[in-house]
Asker: 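One structure, pasted below without further comment.
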Number of protein chains: 2
Amino acid sequence: MKPLKVALLGCGVVGSQVIRLLHEQAGDLAARVGAPLELAGVAVRRLGRKRDVEVDPALLTTDAEALVARDDVDIVIEVIGGIEPARTLIVSALRGGKSVVTANKALLAEDGATLHEAARAGNGDLYFEASVAGAIPLLRPLRESLAGDHVKRVLGIVNGTTNYILDKMDSTGASFTDALEEAQTLGYAEADPTADVEGFDAAAKAAILAGLAFHSRVTAAEVHREGITEITATDVASAKAMGYVIKLLAICARSDDGRSFGVRVHPAMIPRSHPLAGVREAYNAVFVEAESAGQLMFYGKGAGGAPTASAVLGDLVAVARNRLAGARGPEESTYASLPAHPMGETVTRCHVALDVADKPGVLARVAELFAKHDVSIQTVRQEGHGDDAQLVIVTHRATDAALTATMEGLRELDIVRAVASVMRVEGDE
Amino acid sequence: MKPLKVALLGCGVVGSQVIRLLHEQAGDLAARVGAPLELAGVAVRRLGRKRDVEVDPALLTTDAEALVARDDVDIVIEVIGGIEPARTLIVSALRGGKSVVTANKALLAEDGATLHEAARAGNGDLYFEASVAGAIPLLRPLRESLAGDHVKRVLGIVNGTTNYILDKMDSTGASFTDALEEAQTLGYAEADPTADVEGFDAAAKAAILAGLAFHSRVTAAEVHREGITEITATDVASAKAMGYVIKLLAICARSDDGRSFGVRVHPAMIPRSHPLAGVREAYNAVFVEAESAGQLMFYGKGAGGAPTASAVLGDLVAVARNRLAGARGPEESTYASLPAHPMGETVTRCHVALDVADKPGVLARVAELFAKHDVSIQTVRQEGHGDDAQLVIVTHRATDAALTATMEGLRELDIVRAVASVMRVEGDE
């Protein structure tokens, strides 16, 4: 059987694992595909660099454009990341009739439409399982296994770096800064951690998940995004005292009338009894709630060289089989064309801690303000006395707009000395 | 676009949900497939029966053979269950060039080879996601997402009935008989519960999982099978006291040298901190451990009309897309042809409670016997005194043959009054 030729763009943490596995598992991969897979070339930025894997120097090139344009290349694997030159290279490969496997969440979330359009034009496949939640099979289940169901909600931990930081803060009482530093030392966080801690990485993944879940086109710009940089050790400790844990969640949820959806990334308190609360260190886990299937959960390693390479190679086997059969996998599905609604329309719950004057009538005035905004209170508790008096309130479900308006009102009340903390609550009620 | 015609075999709990969803989601399904799906006929045993769903009487037939032979039928969904007539009907449909979606674990595990052979002969698809773990996308991830990885182990709770019973025994202290009765009252267990409580259902699923995980052909007859009927309230209570919970597990594990695998279903003690310990009521959850991906977990509803129908419809969309594209999904993959090794070669651990004479030298003689069989002891603890003295021993990993020989030896020791309980331990070390 004639081998299928694979071009690899990028030879970093993931790329080097892909090369290792292509070599070590050559026999199995050939048996599963129905033809051998042959590495045709590896595009890198610098030729002389030391790498984690041995690569035949004859395969290395700095001319990625020439590599993806080669007539003998069947499949291109892109693990460079970032928008350019990745986009130009992927589009060029797809238009040239090649199939592409990519792990590039940022690009898919910014301009997936252009990539899918190029795949259609070239009649090739565009697979991207590795772009969300690393090794966890999640996109294929959403795209295919649940193709006969209606997904209502996707809720998960999709960024390992922030989960590592929040987990450390929760288990050791560390501050954000100390936990981040530890994550950097251990290689869980990058030198510039912005993409992770400000929620950009999770927002890109949320956009991809929402698009698949709701058969619509979603970009990262439509995702409401809040990071974890302002979470304090005190926030974590008070959550803990109340039986909650703070996690950075990506949440995609259809509205009750089914005509729109919300997509957001923000820290939230979840009950310790919730299965997501037990997701430790840099692991990822995602809940999917569908009308017929009910609640499903997927759990595993969301990042790292070998886990991500596992997802890349799974896609590689699929697109290689498709090429041999002269077929294509499922295309982008955007027929529903639902709009993302603004964050204000999202229904959520809030945990609020208020520093208040300790005198009669305070609770009545606070409660009146909540009522004015149609936000109903689930529990209220007073802690401390005198100058330390604090009211801790957990609301029932309300729109984010009503909750925000309530918080603004609270800040203006003379009896409220400060709104000490506000955090959304997910995962119960 | 010309509709694709679907024949449904069986209109019970699952079949009626399939009909409901085909109707309610007709627009979405057509958009996702690329052509409408039309119900061509429903084969039932008796025409007049009251059903959970409204069906056009003109579609009902008792002649299943004629239905699957119809030239205008493209896809057959089989949800009758059991070996015959399901096998004859599926083979006839596949040989006739139709694609088949089935939830029939018993048939796949007894004679999957015949079905796959028929699919090849007719150039159609055979999809069976619903046969294992209901709504949980598990077979597609194993067949496709992990196609570039090496699965080392699959370990899970794949039978909801027995999990419900064991969970009740654990949470209320009920006896097996009482818990079974409650499960029957609530519809979680059938009037004749043999297939569930004796582990036949889980064994069929284990055979299917092992086949996919190890790219080999595996039948239910090769699965070592033990049920839960002999688990007592005392077993459950002592497991609880030690921080363990008893679950019926299906375990497929490659041997260390990679040349064979073990496949087994039996009750086992797992630590309460293990994620599978938290799987309550009739839920299912499956761990998959792969070389590159690491540990993955899949969780959800393992049975029930709507969840199973979700999996059936996911497969239906996939095979319908394949037919429109003139393509086939991944075929049976058995190239590795690994043999299942006998239970004796399986490496596991044991928890043993021994009623012993309370006198000096007892532990030495017991320990000597373990050593003789090369079984090393992890912990030993004496409980009670005099006539109530009990030694509770947890071993390190050893072959099941060595553990069995040790248990036999213990029964012959004069200082051992009785081997009060023996149970395998999984999920740690």
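Reminder, nothing fancy here: chain letters follow the sequence lines and each chain counts from 1. Since this is a predicted model, take the numbers as computed values, not measurements.
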Asker: Any carboxylate oxygen within less than 4.0 angstrom of a Lys/Arg side-chain nitrogen, looking at Arg321(B) and Asp125(B)?
Answerer: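 Between Asp125(B) and Arg321(B) there is no salt bridge, as every charged N stays at least 4.0 Å from the carboxylate O atoms.
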Asker: Strictly under 6.0 Å, is that where the ring centroids of Phe128(B) and His116(B) end up?
Answerer: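 Yes, close enough.
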Asker: Does Arg143(B) qualify as a cation-pi partner of Tyr127(B), given the criterion of NZ or CZ under 6.0 Å from the six-membered ring centre and within 45 degrees of its axis?
Answerer: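 Positive - Arg143(B) is close enough to the ring of Tyr127(B) and near enough to its axis.
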Asker: Apply the side-chain contact (heavy atoms from CB on, under 4.5 Å) test between Leu21(B) and each candidate in Leu313(B), Val53(B), Val312(B); give the one that qualifies.
Answerer: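 Exactly one candidate clears the test, Leu313(B).
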Asker: Of Arg254(B), Arg153(B), Lys152(B), which is the lone residue that meets salt bridge (charged side-chain N to carboxylate O under 4.0 Å, His left out) with Glu291(B)?
Answerer: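 Answer after filtering Arg254(B), Arg153(B), Lys152(B): Arg254(B).
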Asker: By a 4.5 Å heavy-atom criterion (distance strictly below it), what part of His150(A) contacts chain B: side chain, backbone, both, or neither?
Answerer: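 Backbone plus side chain of His150(A), per the 4.5 Å heavy-atom cut-off to chain B.
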Asker: Tell me yes or no: between the side chains of Lys205(B) and Asn159(B), is some donor less than 3.5 Å from an acceptor?
Answerer: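 Note: Lys205(B) and Asn159(B) side chains miss the donor-acceptor criterion.
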Asker: Pick whichever of Ala327(B), Ala293(B), Ala31(B), Ala290(B) has the most heavy-atom pairs under 4.5 Å with chain A.
Answerer: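 The answer is Ala293(B).
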Asker: For the candidates Gly300(A), Pro141(A), Ala147(A), Gly27(A), which exhibits the highest count of non-hydrogen atom pairs separated by less than 4.5 Å from chain B?
Answerer: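 Highest number of pairs under 4.5 Å: Ala147(A).
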Asker: Select one option (side chain, backbone, both, neither) describing which atoms of Glu144(A) are under 4.5 Å from chain B's heavy atoms.
Answerer: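 Both backbone and side chain.
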Asker: Using non-hydrogen atoms only, which part of Leu29(B) is less than 4.5 Å away from chain A: side chain, backbone, both, or neither?
Answerer: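 For Leu29(B), the contact with chain A is made by the side chain alone.
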Asker: In terms of heavy-atom pairs under 4.5 Å with chain B, which of His215(A), Gln295(A), Lys301(A), Arg328(A) leads?
Answerer: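 Among His215(A), Gln295(A), Lys301(A), Arg328(A), the one with the most close pairs to chain B is His215(A).
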Asker: Looking at Gly278(B), Ser145(B), Gly294(B), which makes the most heavy-atom pairs under 4.5 Å with chain A?
Answerer: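 With the most close heavy-atom pairs to chain A, the winner is Ser145(B).
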Asker: At a heavy-atom separation under 4.5 Å, does Glu129(B) approach chain A through its side chain, its backbone, both, or neither?
Answerer: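 For Glu129(B), the contact with chain A is made by the side chain alone.
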Asker: Taking only Lys NZ, Arg NE, NH1 and NH2, and the carboxylate oxygens of Asp or Glu, determine whether Asp167(B) and Arg280(B) approach each other closer than 4.0 Å.
Answerer: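 Yes, charged N to carboxylate O under 4.0 Å.
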Asker: Write out, in numerical order, the residues from residues 131-140 of chain B with a heavy atom short of 4.5 Å from a heavy atom in chain A.
Answerer: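 Near chain A, by residue number: Ala135(B), Ile136(B), Pro137(B), Arg140(B).
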Asker: Could you look at Phe298(B) and say if it's the side chain, the backbone, both or neither that has a heavy atom under 4.5 Å from chain A?
Answerer: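 Both backbone and side chain.
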Asker: Under 4.5 Å, counting heavy-atom pairs only, tell me which of Met297(A), Glu331(A), Arg32(A) racks up the most with chain B.
Answerer: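 Between Met297(A), Glu331(A), Arg32(A), the count favours Arg32(A).
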